[in-house]
Amino acid sequence: MILNVISPKDHDFIWKLDEGDIILIVKNGNPLYGIKDFEKLFQFLNVPYEEVKVKQSVRIIKKGFTKKMQEIFYKLNKKVNFHFLPIEI
């Protein structure tokens, strides 16, 4: 995860992040979520993506990621809020 903030020593700060703090999320070398500036990275790595509106900004997210989140929420029988990703899932 690449952030636009300096990480404090305690890890609780992650729950306080907002959409402007996260620039890019990568898992196993593949981008999952990022600012629009990373669109060419998604394309170069052949990672299918879609654009989502997060408050006033456009972000790109790996195609199918929101569906995966829905499956997780269904299995947990609850909804999890990610402050940095305030989109309807």
Side-chain angles (χ1 to χ4, degrees):
M1 183 181 316
I2 300 174
L3 304 174
N4 193 22
V5 296
I6 296 173
S7 310
K9 290 184 180 181
D10 76 62
H11 299 324
D12 289 339
F13 82 96
I14 200 154
W15 301 111
K16 298 172 189 161
L17 294 173
D18 67 26
E19 73 282 350
D21 295 329
I22 298 189
I23 296 176
L24 180 67
I25 297 175
V26 176
K27 180 180 177 192
N28 297 328
N30 291 311
L32 294 176
Y33 171 86
I35 60 175
K36 185 96 167 121
D37 296 351
F38 286 102
E39 186 172 18
K40 289 189 187 281
L41 176 66
F42 279 73
Q43 292 170 348
F44 178 77
L45 295 172
N46 293 317
V47 175
Y49 64 92
E50 53 195 332
E51 292 184 359
V52 292
K53 184 115 179 172
V54 178
K55 292 193 178 177
Q56 304 302 322
S57 303
V58 174
R59 299 289 194 249
I60 50 179
I61 191 166
K62 182 178 177 183
K63 198 169 202 120
F65 183 72
T66 54
K67 182 179 179 189
K68 188 69 171 169
M69 295 300 289
Q70 287 173 334
E71 292 170 5
I72 291 169
F73 295 154
Y74 179 77
K75 288 179 182 176
L76 292 174
N77 197 26
K78 67 179 181 177
K79 187 168 181 172
V80 178
N81 240 349
F82 294 102
H83 300 287
F84 62 85
L85 187 61
I87 61 172
E88 286 299 314
I89 298 179

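Heavy atoms only: backbone and side chains are in, while hydrogens, waters and symmetry mates are out.
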Exercise. Considering residues at least two apart in sequence or located in another chain, which fulfil the salt bridge (charged side-chain N to carboxylate O under 4.0 Å, His left out) criterion with E51?
Worked result: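 Partners of E51 by the salt bridge (charged side-chain N to carboxylate O under 4.0 Å, His left out) criterion, ordered by chain and then number, come out as K36.
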Exercise. Can you find a pair of side-chain heavy atoms, one from E50 and one from F65, that are under 4.5 Å apart?
Worked result: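 A side-chain contact is absent here, since even the closest heavy-atom pair is not under 4.5 Å.
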For this session: Report yes if some heavy atom in the side chain of V54 is under 4.5 Å from a heavy atom in the side chain of Y33; otherwise report no.
Result: yes
Problem set entry | Passing candidate, side-chain contact (heavy atoms from CB on, under 4.5 Å) with L24, options I35, L41, L32 |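 Result: among I35, L41, L32, L41 is the only option passing the side-chain contact (heavy atoms from CB on, under 4.5 Å) with L24.
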Problem set entry | Cluster link V26 to L45, ILVMFWY, side chain under 4.5 Å | yes
For this session: Looking only at non-hydrogen atoms, find the nearest pair between G34 and F42 and report the distance.
Result: N-CZ, 4.4 Å
Exercise. When rounded to the nearest 0.5 angstrom, what is the spacing between NZ in K62 and OH in Y49?
Worked result: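 Here the rounded value is 14.5 Å.
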Problem set entry | Atom pair CZ/CD1 of R59 and I25 - distance to nearest 0.5 Å |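 So the CZ of R59 and the CD1 of I25 are separated by 10.5 Å.
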Exercise. Which pairs count as salt bridge (Lys or Arg N to Asp or Glu O under 4.0 Å) when at least one residue sits in residues 24-33, sequence neighbours excluded?
Worked result: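 Output for this query is empty, none listed.
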